[in-house]
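Below: the structure, in structure tokens.
Since the structure is predicted, the reported quantities are computational estimates derived from the model, not experimental observations.
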Amino acid sequence: MDYYYNERMPELPEVETIKNELVPYIKGKRIKDIVIKRKEIIGFPNHKSFVKKSKGKKIINIRRRGKYLIFELNNGNKLLFHLKLSGRLFLINDLSPDCELKYERLRLVLNHQGLSFIEPRMFGRVYLIQKNIPKQLKGFQELGPEPLERDFNKTFLKAKLKNRKGKIKSLLLDQRIGCGIGNIYADESLFRAKIHPKRSGATLSDDEITRLVRAIKICLKAAIRYKGTTLSDYFRPKGIGGNYASHLLVKAREGKPCFICGTLIQREKISNRSTHFCPRCQK
DNA sequence: AAAACCGCCTGTCGGC
DNA sequence: TGCCGACAGGCGGTTT
């Protein structure tokens, strides 16, 4: 049975792809102007200080941390983007003021090029940070280790799951644990690790934790290789989608046969999140 | 402390 | 066909 797929948010592989594809166009470029079309899109500070502290500065590097994109400026300040559910960053060549992009909230004007922050739902934000991290970015400060780095391992995850009664699905979505993981890759990872999403974190055995760590790394790496998952709203800076959707094992496959055992994939709300899993393979 | 729940915001869908 | 309530969802905030 088909239904409307709301799994649309950029997660780690999507943000990583956006970062990789922005670097050749943006790195080393000067921000000649900043056009704010909706000032609420600026999470910190107020929009006037935001412009004052970033206009005319050079973008010396672009990094990713969790689901955040970080533009490092040559004055030591940083621009942090969070795309949340429907945010997109588009490279544009037409810089004329009458080039109206639907849902455009902010535009960085560079040399002969622009970077447009499109965000229909207005959940996404851009922050300017200097030395001190504002309280709105507490979550950024508390992010756990990057899942593709060595310090995201069995020891780390075991410590985090110890005494946790919550369901493993929701624990993976906690960015202090599953940094950069969202609704798609949480489900994909649990399927690959053969762990039922409703299992309480504390009940996972050492072997299951090892499998989960491996599964997370494999899923994320594969999705990066295919430049992310486009089900509805994620697009890369040049406007094209990612190619991982056809490789998904459970997400968006409700009612379709499990690739391992043929049982129909189920969808259920777990901790208020639409969750896909194989009721037979995942224990 | 941690788990559960709420609200932000807007497009899309299903029911009538 | 058009209206409208329900739904989705990351994450910060609030309540339990």
Side-chain angles (χ1 to χ4, degrees), chain A residues 1-16 18 37-44 64-70 80-89 101-106 117-127 129 133-144 147 157 159-189 197-204 220 228-235 245 248 250-255 267-276:
Chain A
M1 185 186 81
D2 280 343
Y3 66 98
Y4 177 68
Y5 297 117
N6 276 287
E7 297 84 13
R8 50 178 63 189
M9 63 292 181
E11 305 179 27
L12 187 154
E14 289 75 31
V15 181
E16 179 72 14
I18 293 167
K37 307 214 170 187
R38 278 283 293 271
K39 61 181 190 300
E40 299 84 1
I41 204 74
I42 311 293
F44 185 87
R64 178 194 59 74
R65 178 80 174 97
K67 298 172 198 168
Y68 289 86
L69 266 179
I70 306 169
L80 261 65
F81 289 85
H82 198 304
L83 306 182
K84 289 285 177 82
L85 306 179
S86 56
R88 287 162 235 165
L89 286 171
L101 292 169
K102 209 176 179 188
Y103 308 121
E104 184 177 33
R105 310 309 191 188
L106 176 114
F117 187 14
I118 314 277
E119 168 53 313
R121 289 191 171 179
M122 284 301 296
F123 275 18
R125 289 288 182 270
V126 53
Y127 307 85
I129 56 168
I133 309 276
K135 66 173 191 304
Q136 294 97 312
L137 282 167
K138 189 167 149 276
F140 174 75
Q141 216 165 9
E142 293 182 355
L143 287 174
L157 193 57
K160 285 292 172 189
L161 298 183
K162 197 180 173 188
N163 299 328
R164 296 298 296 263
K165 290 186 169 55
K167 298 175 181 69
I168 186 63
K169 167 69 187 276
S170 16
L171 293 172
L172 281 183
L173 295 177
D174 182 335
Q175 300 298 292
R176 294 168 296 189
I177 302 175
C179 168
I181 295 174
N183 209 17
I184 295 175
Y185 301 105
D187 287 3
E188 291 294 302
S189 302
K198 277 184 175 170
R199 287 276 300 283
S200 141
T203 68
L204 266 63
L220 296 177
T229 302
T230 298
L231 289 172
S232 58
D233 271 7
Y234 156 69
F235 290 100
L248 293 171
V250 285
K251 204 66 188 175
R253 296 198 66 247
E254 182 188 17
R267 182 171 72 114
E268 196 178 322
K269 263 202 168 191
I270 296 176
S271 307
N272 210 31
R273 293 286 173 268
S274 169
T275 302
H276 293 76

Whole-Å distance, A/E40 CD to B/dT10 P, equals 9 Å
Requested in this report: Tell whether A/R121 reaches the base of C/dG10 with its side chain through a donor-acceptor pair below 3.5 angstrom.
Outcome: no
Under 4.0 Å between a side-chain N/O of A/Q175 and OP1 or OP2 of C/dC11, yes or no? yes
Margin query: Quiz question: by atom type and distance under 3.5 Å, do the side chains of A/S271 and A/K167 form a donor-acceptor pair?
Written below: no
Here the distance between atom P of C/dC7 and atom CG of A/N272, to the nearest Å, is 10 Å
Is the phosphate of C/dC11 approached by A/K67 (side-chain N or O, under 4.0 Å from OP1 or OP2)? yes
Rounded to whole Å, CE of A/M122 lies from P of B/dG11 at a distance of 12 Å
By the 4.0 Å heavy-atom rule, please label A/K135 as base, sugar-phosphate, or nothing. nothing
Exercise. Counting only side-chain N and O atoms of A/H82, is one of them less than 4.0 Å from OP1 or OP2 of C/dC11?
Worked result: yes
Regarding the side chain of A/R267, the nearest nucleotide among C/dA8, C/dG12, C/dG10 is C/dA8
A/E142 CD to C/dC11 P, in whole Å, measures 13 Å
Salt bridge flag under 4.0 Å for residues A/K251 and A/E188: no
Q.
Check this for me, if you would: do A/K198 and A/E268 make a salt bridge, where the nitrogen-to-carboxylate-oxygen distance has to be below 4.0 angstrom?
A. yes
task = May I ask you to say what A/Y103 touches in the nucleic acid, namely base, sugar-phosphate or nothing, with a heavy-atom cut-off under 4.0 Å?
result = sugar-phosphate
Requested in this report: Could you tell me whether the side chain of A/R267 and the main chain of A/K269 form a donor-acceptor pair under 3.5 Å?
Outcome: no
When rounded to whole Å, the CZ to C1' distance for the pair A/F123 and B/dT10 reads 8 Å
Rounded to whole Å, the NZ-C1' distance (A/K84 to B/dG7) equals 12 Å
So OG of A/S189 and CD1 of A/I184: to nearest 0.5 Å the spacing works out to 11.0 Å
With a 4.0 Å cutoff (strictly under), does any side-chain N or O of A/K269 reach OP1 or OP2 of C/dA8? yes
Quiz item: Contact class for A/R164 (heavy atom, under 4.0 Å): base, sugar-phosphate, or nothing?
Solution: sugar-phosphate
Would you indicate, yes or no, if C/dG10 has its OP1 or OP2 atom less than 4.0 angstrom from a side-chain nitrogen or oxygen of A/R273? yes
Here the distance between atom P of C/dC11 and atom CZ of A/R176, to the nearest Å, is 12 Å
Here the distance between atom P of B/dA2 and atom CG of A/L171, to the nearest Å, is 10 Å
NA contact type, A/K165, heavy-atom cut-off 4.0 Å: base, sugar-phosphate, or nothing? sugar-phosphate
